[in-house]
Amino acid sequence: MSVVPSLYTQRMLEAVASARLAVKHGDVPVAAFVLDASGTPIGEGRNERELRQDPTAHAEILALRAAAEALGDWHLTGTTLVVTLEPCAMCAGAIILARIPVVVFGAWDEKAGAVGSVYDLLRDRRLPHRVEVFAGVEEAACAELLLDFFEERR
């Protein structure tokens with residue numbers, strides 16, 4: 001297993017803080033950053049499905065869109081995606097299509113995760129692009145945020 005660079009840990013904690021903002025409009029607290037090669041965020045997103053009434057408004061999708069706009073290119077080679085929750089199949093597909101080489105995530109999603117829990121799309125050898133994955137980065141902080149959110153709704 002690869003050693004997690006400290007920059008990823010720092011950015012994950014920033015993503016946890018950003019994810020808390022999603023709760024204000026009733027969305028599941030998930031946030032994502034796309035980092036350039038130097039580790040600087042060039043795209044940010046947090047879940048906005050409830051806010052936008054858009055089923056595709058996942059944190060990862062919004063971060064990818066912001067990064068592509070910032071770069072003026074949908075090819076996000078040389079970037080890293082940091083997200084507080086394991087990406088779903090839709091987001092994993094977008095990550096592959098955007099050619100992102102590295103994904104860092106916090107909490108595992110045992111119900112819909114597509115980066116090792118239910119599926120492992122990012123490392124599927126049948127696909128033309130595979131991604132290096134750092135899983136469980138600041139997992140406790142990311143999971144606690146989600147557990148608290150769903151506990152309040154019960």
Side-chain angles (χ1 to χ4, degrees), residues 8 10-36 39-124 127 129 131-154:
Y8 295 165
Q10 175 191 337
R11 293 295 186 221
M12 185 63 74
L13 293 173
E14 293 169 9
V16 168
S18 178
R20 288 189 178 98
L21 299 175
V23 176
K24 292 181 181 180
H25 41 78
D27 275 294
V28 177
V30 177
F33 291 113
V34 175
L35 311 177
D36 68 12
T40 302
I42 57 170
E44 179 179 359
R46 68 185 63 82
N47 276 358
E48 294 185 0
R49 291 183 308 168
E50 298 299 329
L51 181 66
R52 296 178 185 224
Q53 291 302 299
D54 177 355
T56 68
H58 289 205
E60 300 95 321
I61 299 298
L62 299 176
L64 295 177
R65 289 175 182 162
E69 185 175 334
L71 294 176
D73 191 352
W74 64 268
H75 294 90
L76 299 179
T77 56
T79 65
T80 297
L81 177 75
V82 175
V83 60
T84 57
L85 180 64
E86 178 184 3
C88 68
M90 175 184 69
C91 293
I95 290 163
I96 291 166
L97 293 172
R99 315 287 198 280
I100 293 179
V102 179
V103 169
V104 180
F105 73 85
W108 291 91
D109 185 347
E110 298 296 332
K111 293 181 180 178
V115 186
S117 290
V118 179
Y119 306 104
D120 196 354
L121 295 176
L122 299 186
R123 293 173 285 199
D124 189 322
L127 298 173
H129 178 71
V131 180
E132 182 177 14
V133 175
F134 293 91
V137 176
E138 292 297 325
E139 182 177 3
C142 295
E144 181 180 357
L145 187 62
L146 293 161
L147 290 171
D148 290 348
F149 175 80
F150 288 113
E151 199 170 278
E152 287 178 16
R153 272 141 186 79
R154 290 185 188 142

Undergrad: To the closest 0.5 Å, what do you measure between CZ (Phe105) and CD (Glu86)?
TA: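 Spacing of CZ (Phe105) from CD (Glu86) equals 4.0 Å.
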
Undergrad: With a 4.5 Å cut-off on side-chain heavy atoms, are Thr84 and Met12 touching?
TA: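 Met12 reaches Thr84 side chain to side chain.
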
Undergrad: Where do Leu145 and Val16 come nearest, in terms of heavy atoms and distance?
TA: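 That would be CD2-O, 3.8 Å.
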
Undergrad: Could I get the full list of side chain to side chain contact (heavy atoms under 4.5 Å, CB included) partners for Ala67, not counting sequence neighbours?
TA: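 Val34, Ile42, Leu76.
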
Undergrad: Determine all donor-acceptor pairs shorter than 3.5 Å in which one atom belongs to a side chain in residues 17-31; sequence neighbours excluded.
TA:
from	atom 1	to	atom 2	distance (Å)
Ser18	OG	Glu44	OE2	2.8
Ser18	OG	Arg46	NE	3.3
Ser18	OG	Arg46	NH2	3.0
His25	ND1	Ala22	O	3.3
His25	ND1	Asp27	OD2	2.7
Asp27	OD1	Arg49	N	2.9
Asp27	OD1	Glu50	N	2.7
Asp27	OD2	Glu50	N	3.3
Asp27	OD2	Leu51	N	3.3

Undergrad: Can you tell me how far apart CG (Leu71) and CG (Asp36) are? Round to the nearest 0.5 Å.
TA: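 Answer for the CG-CG pair, Leu71 versus Asp36, is 8.0 Å.
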
Undergrad: Working to the nearest 0.5 Å, report the span between CD of Glu48 and CD1 of Ile61.
TA: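 The CD atom of Glu48 sits 13.0 Å away from the CD1 atom of Ile61.
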
Undergrad: Nearest 0.5 Å, please: how far is CD in Glu144 from CD in Glu151?
TA: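 Rounded to the nearest 0.5 Å, the CD-CD separation comes to 10.0 Å.
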
Undergrad: When you compare the side chain of Arg11 with that of Leu35, does any pair of heavy atoms fall below 4.5 Å?
TA: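 Side-chain contact under 4.5 Å: yes.
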
Undergrad: Which atoms form the tightest heavy-atom contact between Trp108 and Ala135, and what is the distance?
TA: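 Taking every non-hydrogen atom into account, CZ2-CB, 3.4 Å.
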
Undergrad: Measuring from Leu122:CG to Cys91:SG, what's the distance to the nearest 0.5 Å?
TA: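 Going from CG on Leu122 over to SG on Cys91, the span is 10.5 Å.
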
Undergrad: Is the count of non-hydrogen atoms from other residues, nucleotides or ligands lying under 6.0 Å from Glu69 atom CD greater than 12?
TA: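 No, because the 6.0 Å sphere around CD of Glu69 holds 12 heavy atoms or fewer from other groups.
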
Undergrad: Can you confirm whether His58 sits close enough to Val83 that some side-chain heavy atom of one is under 4.5 Å from a side-chain heavy atom of the other?
TA: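 No, every pair of side-chain atoms sits at 4.5 Å or beyond.
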
Undergrad: Just wondering, do Glu60 and Ile100 contact through their side chains at under 4.5 Å, heavy atoms?
TA: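 No; the side chains remain at least 4.5 Å from each other.
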
Undergrad: Would you give the length of the straight line joining atom OG of Ser117 to atom CG of Leu85, rounded to the nearest 0.5 angstrom?
TA: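 Output value for this atom pair is 8.5 Å.
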
Undergrad: Identify which one of Val104, Val103, Thr80 satisfies the side chain to side chain contact (heavy atoms under 4.5 Å, CB included) criterion when paired with Phe134.
TA: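 Per the side chain to side chain contact (heavy atoms under 4.5 Å, CB included) rule, the option paired with Phe134 is Val104, out of Val104, Val103, Thr80.
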
Undergrad: How close do Pro87 and Ala92 get, heavy atom to heavy atom, and via which atoms?
TA: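 Scanning both residues completely, I find the closest heavy atoms to be CB-N, 4.2 Å.
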
Undergrad: Heavy atoms only: give me the nearest Ala107-Ala143 pair and the separation to one decimal.
TA: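 Residues Ala107 and Ala143, closest heavy atoms: CB-N, 3.8 Å.
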
Undergrad: Is the side chain of Glu132 donor-acceptor paired with the backbone N or O of Val102 at a distance under 3.5 Å, no angle test?
TA: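 Not at all, since once roles are kept as given, no pair shorter than 3.5 Å links the two residues.
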
Undergrad: Are Trp74 and Arg99 packed together at the side-chain level, in the sense that at least one heavy-atom pair is separated by less than 4.5 angstrom?
TA: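 Trp74 vs Arg99: side chains touch.
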
Undergrad: Measure across Val131 and Arg123 and return the closest heavy-atom pair with its distance rounded to 0.1 Å.
TA: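 Looks like O-CG, 3.4 Å.
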
Undergrad: Measure across Ala32 and Ala63 and return the closest heavy-atom pair with its distance rounded to 0.1 Å.
TA: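 Heavy atoms of Ala32 and Ala63 come nearest at O-CB, 3.8 Å.
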
